[in-house]
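Sequence lines set the chain letters: A, B, ... in the order given, protein chains first and strands last, and positions in each chain run from 1.
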Number of protein chains: 4
Amino acid sequence: MQIGIIGLGKMGFNLALNLKRNGYEVIANDVNADFVSKIGHEGIQTADSISELCQKLTDRKVIWLMVPAGKIVDSVITDLLPFLQKNDIVIDGGNSNYKDSKRRYSQLKELGFDFLDCGTSGGTSGALDGACTMIGGDAAVFEYVAQVFKNISVENGCLYTGESGSGHFTKMVHNGIEYGMMQSIAEGFEVFEHSEYDIDFEKTAKLFNHGSVVRGWLMELTQSAFSKDPKLGSIKGIMHSSGEGKWTLETALDLGVPTPVIAMSIMMRYRSQMQDTFSGKVVAALRNEFGGHAVEKND
Amino acid sequence: MQIGIIGLGKMGFNLALNLKRNGYEVIANDVNADFVSKIGHEGIQTADSISELCQKLTDRKVIWLMVPAGKIVDSVITDLLPFLQKNDIVIDGGNSNYKDSKRRYSQLKELGFDFLDCGTSGGTSGALDGACTMIGGDAAVFEYVAQVFKNISVENGCLYTGESGSGHFTKMVHNGIEYGMMQSIAEGFEVFEHSEYDIDFEKTAKLFNHGSVVRGWLMELTQSAFSKDPKLGSIKGIMHSSGEGKWTLETALDLGVPTPVIAMSIMMRYRSQMQDTFSGKVVAALRNEFGGHAVEKND
Amino acid sequence: MQIGIIGLGKMGFNLALNLKRNGYEVIANDVNADFVSKIGHEGIQTADSISELCQKLTDRKVIWLMVPAGKIVDSVITDLLPFLQKNDIVIDGGNSNYKDSKRRYSQLKELGFDFLDCGTSGGTSGALDGACTMIGGDAAVFEYVAQVFKNISVENGCLYTGESGSGHFTKMVHNGIEYGMMQSIAEGFEVFEHSEYDIDFEKTAKLFNHGSVVRGWLMELTQSAFSKDPKLGSIKGIMHSSGEGKWTLETALDLGVPTPVIAMSIMMRYRSQMQDTFSGKVVAALRNEFGGHAVEKND
Amino acid sequence: MQIGIIGLGKMGFNLALNLKRNGYEVIANDVNADFVSKIGHEGIQTADSISELCQKLTDRKVIWLMVPAGKIVDSVITDLLPFLQKNDIVIDGGNSNYKDSKRRYSQLKELGFDFLDCGTSGGTSGALDGACTMIGGDAAVFEYVAQVFKNISVENGCLYTGESGSGHFTKMVHNGIEYGMMQSIAEGFEVFEHSEYDIDFEKTAKLFNHGSVVRGWLMELTQSAFSKDPKLGSIKGIMHSSGEGKWTLETALDLGVPTPVIAMSIMMRYRSQMQDTFSGKVVAALRNEFGGHAVEKND
């Protein structure tokens, strides 16, 4: 089977290799010519443009998008439209908002095309060696490509989650959980770091991965990180985020579901991106106003 | 009536003036000779030592402590003991932990002395012009000095709260509420500060003090702070704390009461005292581990 | 000056009386005929329909909407459109989302009509006796009706906040602050309620209103509530919300501003609307899975 | 080697079997005669009293306590004292507070006895088949029994964490992390439960355990729980706790470390134990006071 893949970043590149290793004929494209050239050296067919990619795909086309969420997905789909034929299948394997996926599904459906939203977990190593995929869309369309998802995923690591949007929805909530878990681990190690004991972070993370209740992949990655930099002295504690945590919180707010831990995980990320806060200034100023408590002055 | 006052910091100094203005014969002492000298210039009797202070007090002694919470209170009480006579009254007007106050009450009671715990709110201006006082201890002892509390407080600003410890307990919870209210105001103004609109902070705080639901003294102080420094550009957002918020949270934890807002107010204060966080490093490192997301490096 | 008012609920009704008392010729309308009839008995002119209301307004029309936020505002505006003339002024005095207000401003502007968004604080008593108003829109349009806002507001309780949307934006953030302040007070009194002391809630709230740092209108309302029901035994702790707190949080998320206290205030409201939680079941089940800890069974 | 074990609850019972399987001569005791009798049927030597247990242990005694944290540990140690000889080793394998462990270490040390604090993770199944153990105390004492810990733990699941208290400290923080992780998972599944999609909880948890970022033992237990009760309809969402989460938070407060996620995990547990809240009543009453919003009445 032929599969077109558009987007050769960290995830898309590895996914293309994964597909190839599983025997698929991959045709790969990216706006960045360097990425295209690089994957060409891996023995994968390339296309310099979306039109070329589509021309190389025969029969019912299967086109996998692995591009950044947001307007780029819409733009690529717009570029694809002239080349699509009835029942061609567009798979969005990126971290799109599930509401966008529902909209895109409807737009393509109306034109006679098929659309699947595929949440992909497991990081870059998973994309290469066996991902975790959760797929929403029409059941019959999923069935047509089910074997592809099974091949690129670890055993039992592929699930048809239901109607359109449910794949990205499931992935979004997965990431919300992930935010909370990461912050939990991080808070624990910060308590270690400030404690009276001389805790060896790497050894402790390793211990936690052997028989403890909190063992799991994130703790293994914690161990790995400490093995490279025992006190993380080389890096800054600035936590960026790519949106799914925020969407999970926004969805929870719409549904009336309290998610305090996910909310706080996000807030601490935002806070970490600030050097100083206006809210802190306000509180410091108020303490000075009523109690004469000293404020710290900027130079 | 004579009143001895020990501790002439921001609060004690003003309280001494307040007592004098209300016709009391004040004898003032502090470990800092400068403070003693300074209050002497205000026409208040001074004592260079605790023994001198006690010697100047005749009849049933009333000794008001306005010293920092913690071991200093115990130390001053220890110094007082040799000079106390049956039913002399020690009032702790500082921000002591109510558990310490209960303990001190019992210790003094056993020796035949009386003890009142007095929470004092209203800031330094309140201490001078009319405070808000909440007093715990024996009812009969309170009655003996009730007029003193009434005189130094604003009208209706004095309450006998019940048995020993309840005065400081009430003040502790008051401060917990205060932490949450201050953080609420601060978060709101931080949203203003980041918004698409060019909000005038002083005018908005002033508006909020005229007819809005959130009007109150803290909003008046907010207005005052912005009137002096329109964008608080001169100060750092480092929020210190003196302990009552933490005690409120610890008490809530012991009582099994969820107090998320008070908890978060404290956490954000702690966070503001850190330049960078270890928890942030852990999350940043984990994102790098699974997703290859770039970390920001220390120089 | 004539003012048309559409929407005679708790806020609109009182506002109409407020306007009349200030000498304005009010023409009042509501979809509910009972409300119209009721305000007629207060000596206010009524209109049975929007067309009638518009016909009774001569010159440059000033029409004040005081209807529930959301689609009703759009629907009323649509009904108004056939009767508007160039530069007629529509004021939305409800709790609309500022983004909707910006959109409505643009829609009306394009058609030659003027629009002001007016956040109104102070509750139902404020609407009657003196509100707190914050108004966004074109400065020249505000000037035309500035005296109206001044008249219905308490002294200094009226502010032109800037361009379109800023009035509702300022009110939204005001409500976010209000959520946090209310939750702060509520948590404090819950600690009192569970404490070892027999705290008199009404007396304590009254005390806090006399000289303390946390004095303000919300604490006065707390005192008032306890004066009617000393332990609030007659009511359930179910906290509803009308949206501004959620919008504040959503806006903060979009701006990247951490607002943990406002977030937790909302979460606790959501939680209060649930009898039991699915998250609680998951944690209880997990504790049973790993530690054999007993779960409580449903009957 | 002989090992005395006191406390045959869920954890102690399994641990005794684990020790026996590893070739140790176990002498078991519990205040509950049924437990003693039951473990006797497993072919383990029993002792009806602490004195009997001590008499059966020859040479340098190794006595493992697996009793509930708190006063019971002190009481058992007091009962042991008359029978201990120089350098006998008491191991506390329960969930004691690390501060208590430090105190007990000093008390026993002064009397010439040795003490190790051992945090034990892995739940009841781990106690039986391979636990995760973290041990604090004198290094030389640890070395004397290191092989025991290695035998009862999974491979690499045993760590000497340093000076006295560090074993229980590490376990305490482990549990704090666990609280946060569990709440993260729980919040995610509550979002699923309220969503527009018909998410199959068991299948989704299973999927998450195959290749996703959030895979780990807690997610496996989540899968297991849903496999037994697909929507957890039979149980109530009441979340109890045994103290380590609270201690982690209290320690973080003492250290000045913000741990918002751990804090919120605890707060939601407390909240789940309440049918209604006083704080909710206060907020509902306040909304009624200023806005006339209806309150829900108790019958």
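- No other option in C/V191, C/V154, C/N156 has as many heavy-atom pairs under 4.5 Å with chain B as C/N156.
- For the set B/L218, B/T204, B/T170, the entry with the most heavy-atom pairs within less than 4.5 Å of chain C is B/T170.
- B/S195 touches chain C through backbone and side chain together, each having a heavy atom under 4.5 Å away.
- Between chain B and the residues C/G180, C/G162, C/G216, C/G211, the largest count of heavy-atom pairs under 4.5 Å involves C/G211.
- Counting only N and O atoms by type, the side chains of B/T248 and B/E250 include no donor and acceptor under 3.5 Å apart.
- A donor-acceptor contact closer than 3.5 angstrom is absent between the side chains of C/T222 and C/E220.
- For a residue to count as touching a neighbouring chain, one of its non-hydrogen atoms must lie under 4.5 Å from one of that chain's; by this rule B/L255 touches chain C with backbone and side chain alike.
- Between chain B and the options C/M219, C/E178, C/M172, heavy-atom pairs under 4.5 Å are most frequent for C/E178.
- Comparing C/I185, C/D200, C/T120, C/N175 by how many heavy-atom pairs each has under 4.5 Å with chain B, the most go to C/I185.
- Of the atoms belonging to B/M268, it is side-chain heavy atoms, and not backbone ones, that fall under 4.5 Å from chain C.
- Side-chain polar atoms of B/T133 and B/S153 form a donor-acceptor pair below 3.5 angstrom.
- Judged by the 6.0 Å distance and 45° axis criteria, C/R269 is positioned over the aromatic ring of C/Y179.
- For a residue to count as touching a neighbouring chain, one of its non-hydrogen atoms must lie under 4.5 Å from one of that chain's; by this rule B/E196 touches chain C with the side chain only.
- Heavy atoms closer than 4.5 Å to chain C are found in both the backbone and the side chain of B/V261.
- Checked by atom type, the side-chain pair C/D92/C/S96 shows a donor-acceptor distance below 3.5 Å.
- C/H174 and C/S121 form a side-chain donor-acceptor contact under 3.5 Å, judged by distance and modelled atom types alone.
- C/K102 and C/D117 are not joined by a salt bridge, as no carboxylate oxygen comes within less than 4.0 angstrom of a charged side-chain nitrogen.
- Side-chain contact of B/N22 with B/N18: a donor-acceptor pair under 3.5 Å is present, judged by distance alone.
- Each of C/L207, C/V257, C/T251 has some count of heavy-atom pairs under 4.5 Å with chain B, and the biggest count is that of C/L207.
- Contact tally against chain C (heavy-atom pairs below 4.5 Å) for B/V213, B/V214, B/T161: the top residue is B/V213.
- Distance check: C/N209 CG to C/L221 CG gives 9.0 Å after rounding to the nearest 0.5 Å.
- The greatest number of non-hydrogen atom pairs below 4.5 Å with chain C, out of B/G176, B/A186, B/G165, is found for B/G165.
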